[in-house]
S.K.: 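First the structure, which I've put down as structure tokens, then a few questions once you've had a look.
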Amino acid sequence: MGGVLPRVCHAASLLVTRGVVGQTAAVNSVQQHAQLLPCASNFQQCITACGVAEFQALYEWLLASPQQAEDVDVIAAGQAADPRTSEQRTPLELSTFQLLRDVGLSVLGSTLDYLTLCQHSDARCGEVVEQFRSVQAMGEVLDERMRSLAKEYLPETGVRSPLLRVGHSVRSDLQAFLRQLPGLSAGLAATELGARLAQTVGQRARMLSWHLGMHAWVRGLRVPGRGAPVLILHEEYMSFQDMISAVVGTMVRNGQSQMALVEVGVPLEDWYALAAVRDFPGVQYAGIMAEPDQPSEIEGRAFIFEQRRAELQTSLGDRGVLYLASLQRAADAFPSRSMDMALVDFRGRSADDAQEQMTLWESKVKPGGVLLGVGFWPASPEIILTSETASLLPDFHFQSEEEDHHSLGLALGSSPRYRAAVRARLASHDVAIDQLLNSSRCQQLFQELLANHEKHVPELVEELRGIASGANVSNERLFAMSLQEELAYCQETLTATPRVVDHCTDSMLCNSQYCFDAHNEDGDLADKWLFAAFVQFGKSNFTVLNYAGDLLGGMSAFAFNKQGIAFSLNWVGPGDCDPAGLGRNFISRQLLTAGGWDEAQRIISQRHAAGHNYQLMDFKSRRIANFEVAHDQVSEVAIGNAFFHVNQYQTLSVPDQMVGNSSLHRLARLRMLPEPQMPQDALKILGDQRDRSYPIFHDEHSHVKGDLSDWTLATVLFDLDQGTVDLMAGNPKELHLQRRFRLSMPPQPAHAVVV
């Protein structure tokens, strides 16, 4: 943050009173130091006369106070910043930095005046408050000048607020200094306090410079496919230690006097976390020092580890424990949701590694806990962007030995964050749902579908009711939203806007070299409320990336279970709706319980109210098949060579199917592109935006260029060879990983089915 803090002197010799004998010596002493005062007009002579080197360093440091925002882009590139010309700096910026420099030097001048009086045995040395009266006057001048600057340069947005906040902070520093003065003994204590105040003002100027530079730099950041990130820059922390202390202190003040903190990546020097938690007796600390990658470094690391462990024992006693281990092994030792706070060092990590560590340690933090990171700075912008790419709600965790569907739904709907998302998503569909439910024809279809689902899948209807109850929304409207595609078949008699069929694209391949499926989850921007759910429900154990307010696995970007069955989904539209069938969301919810391929086939083959497309995967047997369903017709195609799927029947003959322009355009474009040979190829294909009206990938960029369809809410890669499901960040052609999910079992090539 610009420069090294000078050391403030502590030596008692600073105030050694010079012995004087007789009136002549006293007079000479008074005349001598009277010539030095005020020191603000004669800094160099005063500093030389006092004979304290630390004051020389402090004076030079204040003279070098910044006069502008730091050029963060240049610093990030490892270069020295060139000062901008005065024409490039705003008047408010110039005036505020000059004001801070003046205040710092004025405080130093008053402190040197006082020191000079004490060193020359002047009686005024005992009048501590009176001798620092000028500091009070500085505060008044500061107030007036900041008010003037705020009025005069009001249009300068983006700079004004942090400048004014720093002005208020310095005013608070001056007031705190004045409050402490009466309780101090004359001489050393008052001098040290004055020197520290001057140092604080200089540090605030440097923090402001860094803050303004970061502010300008952050405004130029872009998360791929998602625009500018939202970052809050705090200028009130003097150091990283201050930040940790503030966060822990806030939790303690809010009633959490006992807490567990884990530090992942204990530093080899500057152990800020230890110093920060020392003053909080209710904090239990666990530190993890990473094992070195190189065998030649093991002995040296072990030596530092023993030193750190001794420090920990001295500082925290039984409240602290330190481990030397690999980060993965250490993470495995901590139960899920066991820590109140995790402090993770991301310095030197790749974006992919940082994302994996974020995901790993976030799962160790209790709901309402805090995940802190070190290493979010301009030299590593990829780390900052990685932390900002997630547009997901918090993860949902549910575990129950009983298969109580209402309780599962209630948990899904009742958490404040989920409840707000359910309501927001339902509200975005209000107009369409009103049109459906207020039509006698649609109301009849709705009642027939509801009765059929209560007869055949009552437990899933109850699960939806649980969500509605937890979120305090209408059962009827939530059920209608889940069956919106099926109910939309009655819209032809209404004046509603015609349905736009624009949902999802898949690119898959499963040969002897690679086996994968890449999926774009497309939809309306109002359906952006996605969350990852980890559920152990009776005998079922599954993970999904789901839409808020719908059945798990019903409306999902991906889903897989402990048995290795996974799937992605695409909308397809047969010509009519059969109320004797089940809604597509209810059937895909059932797929989460499939114990193997045969059971999954049976579930998919149930009679549908309309139709659906499933990319079914079996990680255990390394197998992918494309299923198309229209009512009771089913087509299954085993995937070997490259295969694409959009929103139209491609293997099942459905003469009256409904196909939208987007689907036609995307399929045509897919057939023009080279077939994927490996997973990265498929991701690049799914990021294609060459067709401006109906591109394969939809984002802000495509809509600016004329995209007439919807939005890509998520891109997912199922890699059956690696046993992973990757959620990508932004446009998948950039190959930026947002989050990685691992199946509980590795793939088993010995049982592979290769077509």
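All values reported here derive from a predicted model rather than from experimental measurement. We number each residue from 1, following the sequence as shown.
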S.K.: Quick one: side chain to side chain donor-acceptor pair (under 3.5 Å) partners of Gln633, sequence neighbours excluded?
M.R.: none
S.K.: His405: what forms a side chain to side chain donor-acceptor pair (under 3.5 Å) with it, not counting sequence neighbours?
M.R.: Glu463
S.K.: In terms of side-chain geometry, is the basic nitrogen of Asp719 or Arg740 positioned less than 4.0 Å from the acidic oxygen of its partner?
M.R.: no
S.K.: Are Phe479 and Phe586 near enough that their ring centres are under 6.0 Å apart?
M.R.: yes
S.K.: Kindly determine whether Asp550 and Ser482 satisfy side-chain hydrogen bond (donor to acceptor under 3.5 Å, both in side chains), including the steps that lead there.
M.R.: CA-CA 6 Å; Asp550 226 311; Ser482 188; 2.9 Å; yes
S.K.: So, Asp691 and Arg669, do they make that salt bridge, N to O below 4.0 Å?
M.R.: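 Looking at Arg669 together with Asp691, the answer is no, because their closest N to O distance does not fall below 4.0 Å.
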S.K.: Pair Gln606, Gln590 - check side-chain hydrogen bond (donor to acceptor under 3.5 Å, both in side chains), show working.
M.R.: CA-CA 11 Å; Gln606 293 177 96; Gln590 290 179 311; 2.6 Å; yes
S.K.: Would you please test Thr505 and Asp522 for side chain to side chain contact (heavy atoms under 4.5 Å, CB included) and show each step?
M.R.: CA-CA 8 Å; Thr505 305; Asp522 298 338; 4.3 Å; yes
S.K.: Do the ring centers of His519 and Phe558 come within less than 6.0 Å of each other?
M.R.: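 Judged by ring-centre distance (under 6.0 Å), His519 and Phe558 do not meet the cut-off.
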S.K.: Answer yes or no: is there an ion pair linking Arg692 with Asp707, defined by an N-O contact shorter than 4.0 Å?
M.R.: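 Looking at Arg692 and Asp707, the cut-off is not met.
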S.K.: Drop me the distance from Leu509's CG to Asp681's CG, to the nearest 0.5 angstrom.
M.R.: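 Output value for this atom pair is 9.5 Å.
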S.K.: For Val646 and Ser663, work out which heavy atoms get closest and say how close.
M.R.: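 Looks like CG2-OG, 3.2 Å.
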S.K.: Glu628 and side-chain hydrogen bond (donor to acceptor under 3.5 Å, both in side chains): which single residue from Gln650, Gln657, His645 fits?
M.R.: His645
S.K.: Looking only at heavy atoms, which two atoms of Pro695 and Gln689 are closest? And how far apart?
M.R.: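 Taking every non-hydrogen atom into account, CB-CA, 3.8 Å.
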S.K.: Work out which heavy atom in Asn585 is nearest to a heavy atom in Gly554; give both atom names and the distance.
M.R.: OD1-O, 3.0 Å
S.K.: Checking Asp506 against Asn570: is there a side-chain donor and acceptor pair closer than 3.5 Å?
M.R.: yes
S.K.: Indicate whether the side chain of Asn626 and that of Gln615 have a donor and an acceptor atom separated by less than 3.5 Å.
M.R.: yes
S.K.: Salt-bridged, Arg666 to Asp688, with N to O below 4.0 Å?
M.R.: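 No, this pair does not count.
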S.K.: Would you call Lys539-Glu401 a salt bridge at under 4.0 Å N-O?
M.R.: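 No.
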S.K.: Please report the shortest heavy-atom distance between Leu449 and Ala609, naming the atom on each side.
M.R.: CD2-CB, 4.0 Å
S.K.: Taking Arg425 first and then Asp527, would you say they form a salt bridge - that is, a charged N and a carboxylate O separated by under 4.0 Å?
M.R.: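 Salt bridge: yes.
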S.K.: Apply side chain to side chain contact (heavy atoms under 4.5 Å, CB included) to the pair His736 and Met728, showing each step before the final yes or no.
M.R.: CA-CA 6 Å; His736 292 309; Met728 307 307 295; 5.6 Å; no
S.K.: Are Leu673 and Arg690 close enough, and set up right, to give a side chain to side chain contact (heavy atoms under 4.5 Å, CB included), and what steps lead you there?
M.R.: CA-CA 11 Å; Leu673 294 170; Arg690 180 64 63 87; over 6 Å; no
S.K.: Go through the steps for His608 and Asp632 under the test side-chain hydrogen bond (donor to acceptor under 3.5 Å, both in side chains), then give the verdict.
M.R.: CA-CA 7 Å; His608 287 52; Asp632 56 359; over 6 Å; no
